[in-house]
Amino acid sequence: MFPCFLWRQLARCGPKAVDGEDLQALTIVCVVAGDFPALLPLTGRSMVATLLQTQLEAEGVGAQLAAMELLSRGFSTFRAYLDCQAVVQRLVEIMVSITEEAGEASGGVSYAAVGQAKAALQRISAADADVVGAGLERMLREGSLEEQRRALQAVGVVVQKQAGQLQGRVEGLAEAIVGALEPKRATARRRLIGAAGVALQGLVRAFSWVSFDAEAQLLAVGGASGRCVVYDVRTATRTAVFDGGGAAPVVAVAIAPAGDFVASFTLAGQLSVWNPQPNALAMFTKALLWSDMQAAAHGSVTPLKTMTIPRGFLGHAEVPVSALMRVARLQWTGSKTVLLRIQEASFSLSI
C-alpha cells in the first residue's frame, strides 16, 4: 500500500492545477500504479483518475503535461474511472490547437502540450484500439460545429501518423464524416468541407477498403461488416449497400472512372463488381418484404459479376485482415475492367 501521507496530499487537491509537492505525489502514485496496479486500491484509482482528468482542464501547462503523460501511461489502470469520451475530446482539442493562419498554438496551449497530446492519444490507442476512433466518431455525430471541425482535423492528423488507431472504426468514421456535410446545414458544410476532404483523402490513402471518385463525388467503404457502402458526398447520403452474402470482411474497394461501377474484394477471396446506381425494383421489392429498410431505401443489389480467387493466393486459411490489407489492391485499368493485385499475383475481371 502507498504511504498515508501521499493519500492525504492528493485528497486535498482540488480542481486547481497541481504543482510542487502535490504534483510529485501524483506522479509517484501514477508511476507505481502503472507498474503495479494491484498496489492501488479501487477507491484510490477512482480518486487519482478524477484528479488526472481534472488536470487536463487546468490552466497550468505543467499540470496539463503531467496529466497527459500519467493518464495515458496508466490508462489501463484508470480507464474504468475516466470519462473516456471527455478525455479524447480534450486531447483532440489540445492536439489541433495550432492555428493554420497564425502558425502558433492557441488558447494558451504550448507546442509541448500539442506533442504530448498526440503521444497520449497514441498510448491510449495502444491500450485500447477502439477508444480514440470511437471518441472521434462521437464528436462528428453529436458534437457542435467546432467539435466536428476539431474531430475532422484530428482524423487528418492521426491517419497520417498512426492510421492503425482508426482501423477498427473506418466504416463509422467515414459515415460520420459524410453526415457532417449535410447540405441542409449549408453554413456548417462550408466550414467543414476543407477539413472533411483532408480526412477522407487520408482514409483513402491509409486503407485499401476506402475509395473516392472526385468526378462522381462517390465514396465507397468496405470493412469488417462484410458490406460495401457507397455514399454521395454531394447529398451526404447512402446511394447503395452491397452485401456479398457472407461475413467475410471487405479488404479492398475501388470505384470505376465516373463512378459507373464499384469493385470489392473480401477476405474469403471473392472479387465482385457492382452497379452503384439505386435500383428502383430492388428497393420496391425489399420494402414490400419488410427486410432491411435502411438497405432497401438505398438500393442494395446483387453483384453484376464475381470471381473467386484460389485460396493459395491468400496464404493460410485464416489470413488476418491487417495482413491482407497491406497486399491486396484494386485498380480499374479501363472503364469496365478491374485489376486485383495480391503481392506478385494479379487477376482481372471484366464486365
Side-chain angles (χ1 to χ4, degrees), residues 100 136-137 140 148-149 151-161 163 166-167 169-223 227-242 250-265 271-279 298-299 301 303-304 325 328-341 348-351:
E100 295 180 358
L136 291 172
E137 184 179 337
L140 286 166
Q148 288 179 321
R149 184 188 66 80
L152 288 171
Q153 289 180 312
V155 171
V157 171
V158 173
V159 81
Q160 288 181 16
K161 302 295 183 179
L166 305 180
Q167 182 171 317
R169 308 293 302 199
V170 171
E171 293 171 272
L173 281 171
E175 183 165 276
I177 292 171
V178 173
L181 299 178
E182 168 60 54
K184 293 180 180 179
R185 301 169 62 227
T187 300
R189 182 182 172 94
R190 285 194 298 270
R191 291 188 59 184
L192 298 176
I193 191 69
V198 172
L200 289 176
Q201 288 172 9
L203 292 177
V204 170
R205 286 193 295 267
F207 302 105
S208 58
W209 57 86
V210 183
S211 178
F212 179 69
D213 183 79
E215 180 181 351
Q217 288 291 291
L218 293 180
L219 176 73
V221 184
R227 301 184 306 169
C228 177
V229 182
V230 181
Y231 302 93
D232 186 333
V233 177
R234 291 168 299 193
T235 60
T237 58
R238 289 184 178 185
T239 62
V241 180
F242 305 135
V250 176
V251 295
V253 299
I255 303 176
D260 293 333
F261 305 102
V262 174
S264 67
F265 178 63
L271 173 61
S272 305
V273 175
W274 314 79
N275 176 5
Q277 304 305 318
N279 185 313
H298 297 287
V301 293
L304 298 174
M325 67 171 277
R329 291 290 184 270
L330 285 171
Q331 178 184 2
W332 286 89
T333 57
S335 61
K336 293 188 177 181
T337 301
V338 64
L339 181 69
L340 168 67
R341 295 184 184 277
S348 64
L349 181 61
S350 298
I351 304 171

Margin query: Has Q217 got a side-chain atom pairing as donor or acceptor with A214's backbone, closer than 3.5 angstrom?
Written below: yes

Margin query: Please find the pair of heavy atoms, one from F212 and one from L218, that lie closest to each other, and give the distance.
Written below: CD1-O, 3.1 Å

Checklist line | W209 vs V170 side-chain heavy atoms within contact, under 4.5 Å | finding: yes

Check: What pairs with T337 under side-chain hydrogen bond (donor to acceptor under 3.5 Å, both in side chains), at least two apart in sequence or on another chain?
Finding: S350

Notebook entry, point to check: Can you name the residues that form a side-chain hydrogen bond (donor to acceptor under 3.5 Å, both in side chains) with E137, not counting sequence neighbours?
Noted result: R141, R169

Notebook entry, point to check: Can you name the residues that form a side chain to side chain contact (heavy atoms under 4.5 Å, CB included) with L304, not counting sequence neighbours?
Noted result: F261, N275

Next item on the list: Could you tell me which non-hydrogen atom of P276 sits nearest to which non-hydrogen atom of D260, and how far apart they are?
Entry: CD-O, 3.0 Å

Next item on the list: For S272 and W274, work out which heavy atoms get closest and say how close.
Entry: CB-NE1, 3.5 Å

Check: How about L192 and R149: do any of their side-chain heavy atoms sit closer than 4.5 Å?
Finding: yes

Check: Got a sec, which residues hit side-chain hydrogen bond (donor to acceptor under 3.5 Å, both in side chains) with T235, two or more places apart in sequence or on another chain?
Finding: T237

Item checked: Contacts of type side chain to side chain contact (heavy atoms under 4.5 Å, CB included), residue A220, not counting sequence neighbours -> C228, V230, V253, I255, V262

Note to self: L200: which residues meet the side chain to side chain contact (heavy atoms under 4.5 Å, CB included) condition with it, sequence neighbours left out?
What the structure shows: I177, L203, L219

Check: By side-chain hydrogen bond (donor to acceptor under 3.5 Å, both in side chains), which residues pair with D232, not counting sequence neighbours?
Finding: R234

Notebook entry, point to check: Heavy-atom distance under 4.5 Å between the side chains of V338 and V273, does that happen here?
Noted result: yes

Item checked: pair T239-Y231: side-chain heavy atoms closer than 4.5 Å -> no

Next item on the list: Please report the shortest heavy-atom distance between A252 and A328, naming the atom on each side.
Entry: CB-O, 4.1 Å

Margin query: By the salt bridge (Lys or Arg N to Asp or Glu O under 4.0 Å) test, which pairs, at least two apart or in different chains, include something from residues 177-188?
Written below: none

Next item on the list: For R191, check salt bridge (Lys or Arg N to Asp or Glu O under 4.0 Å) against everything at least two apart and list the hits.
Entry: E146

Notebook entry, point to check: How far apart are the closest heavy atoms of S211 and A254, and which atoms are they?
Noted result: OG-CA, 3.6 Å

Next item on the list: Grab the two heavy atoms, one from W332 and one from P257, that are nearest each other, plus how far apart they are.
Entry: CB-CD, 4.0 Å

Item checked: Check: Q148 side chain, L140 main-chain N or O, donor-acceptor pair, under 3.5 Å -> yes

Check: Looking at residues at least two apart in the chain, or sitting in another chain, which of them share a side chain to side chain contact (heavy atoms under 4.5 Å, CB included) with I193?
Finding: L181, R189

Notebook entry, point to check: Does a salt bridge link E171 with R227, judged by any charged N lying under 4.0 Å from a carboxylate O?
Noted result: no

